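Step one of this worksheet: look at the structure below.
This structure is a prediction, so every number in the text was calculated from the model and none was measured.
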Amino acid sequence: MKICIINGPNLNLLGRRETSIYGSKSFELYLPELKETFPELELEYFQSNHEGEIIDKLHDTGFSGYKGIVLNAGGYTHTSVAISDAVAAIETPVVEVHISNIFGREEFRKSSLLAKHCKGSISGFGLESYRLALHYFLSLKPRKLGFGTHQ
């Protein structure tokens with residue numbers, strides 16, 4: 001099951017930027033932990049500080065057989081109609097994640113232009129927000145119960 005994790009602007013600075021909000025671990029150090037925890041998932045990672053590159057990646061993965069996208073659009077969550085439109089346009093389901101609790105922060109961060117086009121939103125659990133999103137996609141995989149399958 002192929003899943004793409006897409007991180008937006010400033011998330012390349014995780015572990016160095018506002019560690020009291022975003023923690024002290026970089027995503028590059030966290031990704032191997034996710035891969036070890038979910039060996040049955042084929043995880044791809046992409047990060048960009050550029051809106052158009054994020055949209056291009058959504059388009060590429062949204063019609064390419066991926067089973068899911070975990071998207072942390074960073075500040076674009078609150079401002080980008082174009083990324084919202086890209087999420088709405090693609091076939092692959094998207095789960096929106098945020099490291100911080102966006103509802104406990106500045107007023108403008110409490111609004112997501114993406115959420116209505118996503119399967120769900122997870123925020124406030126630090127980097128574990130990504131793990132929770134991956135659990136969702138893994139739960140979609142049929143499991144044998146001995147008398148058929150369960151979804």
So do the side chains of Val70 and Ile122 get within less than 4.5 Å of each other, counting heavy atoms only?
-> no
Do Asn49 and Gln47 meet the criterion of a side-chain donor-acceptor pair at a distance under 3.5 Å?
-> yes
Can you tell if the side chain of Val97 reaches within under 4.5 Å of the side chain of Phe125, non-hydrogen atoms only?
-> no
Taking every non-hydrogen atom, the tightest pair across Ser100 and Ser123 = O-CB, 3.5 Å
Distance in Å, Ile5 CD1 paired with Leu34 CG, rounded so as to fall on 0.5 Å steps = 5.5 Å
Is a side-chain N or O of Ser26 found less than 3.5 angstrom from the main chain of Leu14, in a donor-acceptor match?
-> no
So how far is it from Phe27 CZ to Ile99 CD1, rounded to the nearest 0.5 Å?
-> 8.0 Å
Which value, rounded to the nearest 0.5 Å, describes the distance between Leu31 atom CG and Glu36 atom CD?
-> 12.0 Å
Rounded to the nearest 0.5 angstrom, the CD-NZ distance for Glu96 and Lys119 is 14.5 Å
Would you call Ser48 and Lys57 a side-chain contact if the rule is heavy atoms closer than 4.5 Å?
-> no
Heavy-atom nearest pair, Ser129 first then Gly124, reads OG-N, 4.0 Å
For Ile69, which fellow cluster members are found when Ile, Leu, Val, Met, Phe, Trp and Tyr are connected by side-chain heavy-atom distances below 4.5 angstrom, either directly or through intermediates?
-> Ile6, Phe46, Ile54, Ile55, Leu58, Phe63, Leu71, Tyr76, Ile83, Val87, Ile90, Val94, Leu114
Run the numbers on Leu138 and Glu40 for side-chain contact (heavy atoms from CB on, under 4.5 Å), then give the verdict.
-> CA-CA 9 Å; Leu138 197 56; Glu40 63 276 43; 3.1 Å; yes
Closest non-hydrogen atom pair between Thr77 and Gly74, with its separation = OG1-O, 2.8 Å
Does Lys25 count as lying over the ring of Tyr30, i.e. NZ or CZ under 6.0 Å from the six-ring centre, within 45 degrees of the axis?
-> no
Tell me, do Pro93 and Phe137 make a side-chain contact under 4.5 Å, heavy atoms counted?
-> yes
Counting distance only, does the side-chain N/O of Ser80 pair as donor-acceptor with the main-chain N or O of Glu51 below 3.5 Å?
-> no
Quick one: pull up CD in Glu44 and CD1 in Ile3 and give me the separation to the nearest 0.5 Å.
-> 11.0 Å
Donor-acceptor pair, Thr37 side chain versus Glu33 backbone, under 3.5 Å?
-> yes
Measuring from Met1:CE to Tyr66:OH, what's the distance to the nearest 0.5 Å?
-> 14.0 Å
In terms of hydrophobic clusters joined by side-chain contacts under 4.5 Å, are Leu29 and Leu43 together?
-> no
When you look at NZ of Lys67, are more than 12 heavy atoms from neighbouring residues, nucleotides or ligands closer to it than 6.0 Å?
-> no
May I ask you to test the Arg16-Leu13 pair for a side-chain heavy-atom distance under 4.5 Å?
-> yes
Which atoms form the tightest heavy-atom contact between His78 and Ser111, and what is the distance?
-> ND1-O, 2.7 Å
